[in-house]
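Written below as structure tokens is the structure these notes are about.
Just so you know, ligand 1 is whichever comes first in the structure, and atom 1 is the first atom listed for that ligand. Please read these numbers as outputs of a predicted model, since none were measured by experiment. Starting from 1, each residue takes its place in the sequence as its number.
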Amino acid sequence: METITSIVEMKRAAGSLRREGRTIALVPTMGALHEGHLSLIREADARADIVVVSVFVNPTQFGPLEDFDTYKRDLERDISLAQEAGCDIIFAPGVDDMYPEGSATRVCVSGLTEKLCGAFRPGHFDGVCTVVAKLLNIVRPHLAVFGQKDGQQAAVVERMVSDLDMGVEILRSKTVRESDGLAMSSRNANLSEIERREATVLYRSLEHAVSRYGAGERSVERVVSEMRDMIDAGETTEIQYVAAVDAKTLEDVDELKRGVMLALAVFVGKTRLIDNVIIGA
Ligand code: PAF
């Protein structure tokens, strides 16, 4: 496995792989790899000849009060985990390389980015879209793999790729969960013992919604209100949002049906966690 830190070198390597007729899959990450990322890498490995994993903690997607400075960074550990999962090239550029002085362009997908997480994290998706567009331009993959856990991010990236005719396939990969259902996230490591216990309510409330749907309930209003009650019962939990939207367009819906994404963001103590399920997925 190779580690590349320069953009020029990454472009050169990708260009020669393409000329040799090899298919390339990109798994964009901010490092702090966990089982969720490794499953994206395995999925990429099953579908392409070469898997490139980018490791870049992207400053433009963090708000001023968010955890950019304290975000866990351990490249050596990420390299060895990624290699075991089937990664061929780690691309780990520096901030000054990705955003040199004078860089002034931002990619902004309107509408979809203004709700759910976007309503509480202004500018976040502009940062995500800008860095993802740059990574796609540098690596020029045939396929890029994103986790369904960040369901809004996946929908926004799909929109951007389609709107800008970027010619890359976007694959949404299933959320990987701990044995008690908590979605894997680098931020789970910040939870205290009681917070970790209470954090399971995110998935329990989503499962509750799916089982209410299974029992014939179709009212978003009723189901969301039951989910909110479950989450509010915790001592350390504070809801940011609980919503039901179309999984692709992110438009609000008031009836539960196949293809509806139930999504939530909850502070558990000081840690903000997100999760979602798609009905019928
Ligand atoms: O999901 C993430 O880790 C990031 O938002 C991404 C896609 C790597 C862009 O920085």
Side-chain angles (χ1 to χ4, degrees), residues 7 10 25-41 43-44 51-63 66-75 77-79 81-82 85 87 89-95 97-99 103 105-109 112-113 116-118 120-139 141 143-161 164 166 168-176 183-190 250 263 265 271-276:
I7 292 177
M10 184 66 243
L26 170 68
V27 182
T29 81
M30 298 204 298
L33 300 187
H34 51 66
E35 193 48 45
H37 297 110
L38 303 185
S39 97
L40 305 184
I41 298 172
E43 187 126 16
V51 178
V52 178
V53 176
S54 61
V55 175
F56 179 64
V57 185
N58 173 35
T60 64
Q61 70 186 77
F62 286 79
E66 293 182 353
D67 52 353
F68 175 70
D69 289 333
T70 55
Y71 203 86
K72 199 175 141 208
R73 291 158 172 88
D74 186 347
L75 188 59
R77 178 180 172 278
D78 290 337
I79 289 173
L81 288 173
C87 168
I89 299 176
I90 288 271
F91 175 48
V95 174
D97 224 11
M98 287 292 271
Y99 298 109
S103 117
T105 305
R106 288 284 180 274
V107 180
C108 166
V109 173
L112 279 75
T113 57
L116 306 177
C117 293
F120 298 93
R121 302 184 72 188
H124 168 71
F125 286 111
D126 296 356
V128 169
C129 288
T130 303
V131 81
V132 170
K134 282 176 73 70
L135 291 168
L136 293 174
N137 285 338
I138 294 164
V139 177
L143 170 78
V145 189
F146 289 82
Q148 175 56 37
K149 191 195 138 237
D150 297 298
Q152 183 174 19
Q153 170 171 280
V156 167
V157 168
E158 284 165 2
R159 185 78 258 163
M160 171 185 78
V161 161
L164 298 181
M166 294 174 99
V168 55
E169 185 192 342
I170 303 296
L171 182 78
R172 292 195 198 197
S173 181
K174 225 170 113 218
T175 303
V176 179
M184 299 247 178
S185 162
S186 315
R187 294 188 170 105
N188 292 350
N190 303 335
L250 303 187
T271 307
R272 181 178 177 278
L273 299 179
I274 58 171
D275 201 352
N276 67 77

Can you check whether R77's main-chain N or O pairs, donor with acceptor, with D74's side chain at less than 3.5 Å? yes

One thing to verify: whether R172 and E158 come together as a salt bridge, which I'm taking to mean a side-chain N less than 4.0 angstrom from a carboxylate O. yes

Atoms of ligand 1 close to V131 [distance to a heavy atom under 4.0 angstrom, numbered from 1]: 9 (C), 10 (O)

Atom 8 (C) of ligand 1: which of A154, P28, G31 has the nearest heavy atom? P28

Using modelled atom types only, decide if a donor and an acceptor are shared between the side chain of R272 and the backbone of R187 within a distance under 3.5 Å. no

Just jot down the ligand 1 atoms closer than 4.0 angstrom to any heavy atom of T29, in number order. 8 (C)

for atom 3 (O) of ligand 1, nearest protein heavy atom and its distance come out as M30 CG, 3.7 Å

Polar proximity ligand 1 side, Q153 side, N/O cut 3.5 Å exclusive: yes

Quick one: does S173's side chain have a donor or acceptor within less than 3.5 Å of a partner on G147's backbone? no

In this structure, atom 10 (O) of ligand 1 is nearest to the protein heavy atom Q61 OE1, 2.6 Å

Please determine, by modelled atom types, if N58 and Y71 share a side-chain donor-acceptor pair under 3.5 angstrom. no

